[in-house]
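Step one of this worksheet: look at the structure below.
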Amino acid sequence: MVQAESGAPLRLLAEDADDLRIISAALQDAVAKVGDIRWERKARRLTLEFNRFRWEREGPDACQRVRAGLQLGDVQSVKARGMNRDAKGAVVELLAIDFAPGDPPGGVVTLAFAGGADLRVEVECLDVVLADLSQPWPTRRTPRHADDLSA
């Protein structure tokens, strides 16, 4: 796992389930358009572009989003459920990324989205990269969760 210093753009690499949990936390509540999800079968690569909330920020200017890219390598197959892939402008919100081991070192990476949609990505091994791609911009809204509503 590689991470930049606080406030700097994130550059993370996941090669095991623990690393992937860190990437999942960084991408919680990230939003993307369906058209920003690209499966390159011949290259065995799945790429997603998100506007991610910068959970790692603290202080008065903490409410920021940044354009980020997530790339999974060594992909054998991708299956979508509950997502209309023809609706390129539809927005999806990422809730979590999980890994279920299969034949070592492979398994299934599941990207769970709000509303019950998910992507099931069968991988030969975990090879996942998250990188911030733009300068951050301020946002007035901090994502809230059901367990946060009492606060």
Side-chain angles (χ1 to χ4, degrees), residues 1-59 61-83 85 88-102 104-139 141-145 148:
M1 174 68 60
V2 177
Q3 181 177 356
E5 56 190 74
S6 178
L10 285 185
R11 304 277 190 261
L12 303 175
L13 170 66
E15 295 179 329
D16 62 34
D18 289 335
D19 291 345
L20 191 61
R21 280 190 278 282
I22 294 168
I23 288 178
S24 177
L27 281 173
Q28 182 178 358
D29 301 309
V31 293
K33 291 184 179 177
V34 171
D36 290 336
I37 302 171
R38 289 184 301 285
W39 162 224
E40 300 169 78
R41 186 181 314 269
K42 287 185 181 180
R44 297 175 39 152
R45 179 173 49 228
L46 177 68
T47 305
L48 301 92
E49 293 180 40
F50 291 99
N51 292 342
R52 78 170 187 86
F53 188 82
R54 297 183 74 203
W55 291 108
E56 70 277 12
R57 296 287 297 169
E58 294 180 353
D61 63 344
C63 290
Q64 296 179 342
R65 284 200 179 262
V66 64
R67 193 74 171 154
L70 178 73
Q71 190 168 81
L72 289 83
D74 296 310
V75 175
Q76 296 174 318
S77 69
V78 178
K79 295 178 182 166
R81 182 180 63 159
M83 186 181 299
R85 291 174 285 169
K88 303 292 185 198
V91 176
V92 293
E93 179 182 359
L94 185 68
L95 299 177
I97 304 172
D98 190 38
F99 178 68
V108 175
V109 175
T110 302
L111 291 91
F113 296 93
D118 62 31
L119 289 177
R120 183 181 185 279
V121 185
E122 190 174 337
V123 295
E124 188 174 325
C125 65
L126 268 180
D127 178 13
V128 182
V129 176
L130 171 65
D132 287 346
L133 304 173
S134 73
Q135 292 296 315
W137 64 88
T139 182
R141 296 186 183 194
T142 300
R144 292 183 58 120
H145 305 107
D148 293 340

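- Heavy atoms of other residues, nucleotides or ligands lying less than 6.0 angstrom from CZ of Arg85 number 12 at most.
- Distance check, rounded to the nearest 0.5 Å: CD1 of Ile23 to CG of Leu13 gives 7.0 Å.
- Between Leu111 and Asp98, the closest side-chain pair of non-hydrogen atoms is not below 4.5 Å.
- Just one residue in the list Asp127, Val129, Val109, Leu119 forms a side-chain contact (heavy atoms from CB on, under 4.5 Å) with Leu72, and that residue is Val109.
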### Message
For Val92 and Val31: C-alpha separation, side-chain torsions, deciding distance, then whether side-chain contact (heavy atoms from CB on, under 4.5 Å) applies.
### Response
CA-CA 6 Å; Val92 293; Val31 293; over 6 Å; no
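- Taking both residues in full, the closest heavy atoms of Ala112 and Leu94 are given as O-CD1, 3.5 Å, listed atom of the first, atom of the second, then distance.
- Considering all non-hydrogen atoms of both residues, Leu130 and Ala26 come closest at CD2-CB, 4.0 Å.
- Distance CG/Asp16 to CZ/Arg21: 8.0 Å, rounded to 0.5 Å.
- Within the model, atoms CG of Asp29 and CD of Glu93 stand 5.0 Å from one another, a figure rounded to the nearest 0.5 Å.
- Val123 pairs in a side-chain contact (heavy atoms from CB on, under 4.5 Å) with only one of the listed residues (Val128, Val108, Val75), which is Val75.
- Heavy atoms only, all atoms of each residue included: Leu95 and Gln28 are closest at O-CG, 3.7 Å.
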### Task
Go through the steps for Trp39 and Val121 under the test side-chain contact (heavy atoms from CB on, under 4.5 Å), then give the verdict.
CA-CA 10 Å; Trp39 162 224; Val121 185; over 6 Å; no
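- Looking at Arg54, its side chain never comes within 3.5 Å of a backbone N or O of Arg65 through a donor-acceptor pair.
- Once rounded to the nearest 0.5 Å, the distance linking CG of Leu20 with CG of Leu12 reads 10.5 Å.
- Under the side-chain contact (heavy atoms from CB on, under 4.5 Å) test applied with Asp118, the options Met83, Lys79, Arg81 reduce to a single match, Arg81.
- Of all the heavy atoms in Leu133 and Gly69, the pair that sits closest is CD1-N, 3.5 Å.
- With rounding to the nearest 0.5 Å, the separation of CD1 in Ile37 from OG1 in Thr47 is 11.0 Å.
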#### Entry: CA sep, side-chain torsions, deciding dist, call: Arg52, Asp132, salt bridge (charged side-chain N to carboxylate O under 4.0 Å, His left out)
CA-CA 9 Å; Arg52 78 170 187 86; Asp132 287 346; 2.9 Å; yes
### Task
For the pair Glu124 and Arg44, evaluate salt bridge (charged side-chain N to carboxylate O under 4.0 Å, His left out) and give the outcome as yes or no after the intermediate values.
CA-CA 10 Å; Glu124 188 174 325; Arg44 297 175 39 152; 2.5 Å; yes
### Query
When you look at Arg67 and Asp36, which way does the side-chain contact (heavy atoms from CB on, under 4.5 Å) test go after all the steps?
CA-CA 11 Å; Arg67 193 74 171 154; Asp36 290 336; 3.0 Å; yes
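- Rounding to the nearest 0.5 angstrom, the gap separating the CZ atom in Arg45 from the CZ atom in Arg38 is 9.5 Å.
- Taking each heavy atom of Ala30 and Phe50 in turn, the nearest pair found is CB-CD2, 3.6 Å.
- Taking both residues in full, the closest heavy atoms of Ala117 and Gly82 are given as CB-O, 3.3 Å, listed atom of the first, atom of the second, then distance.
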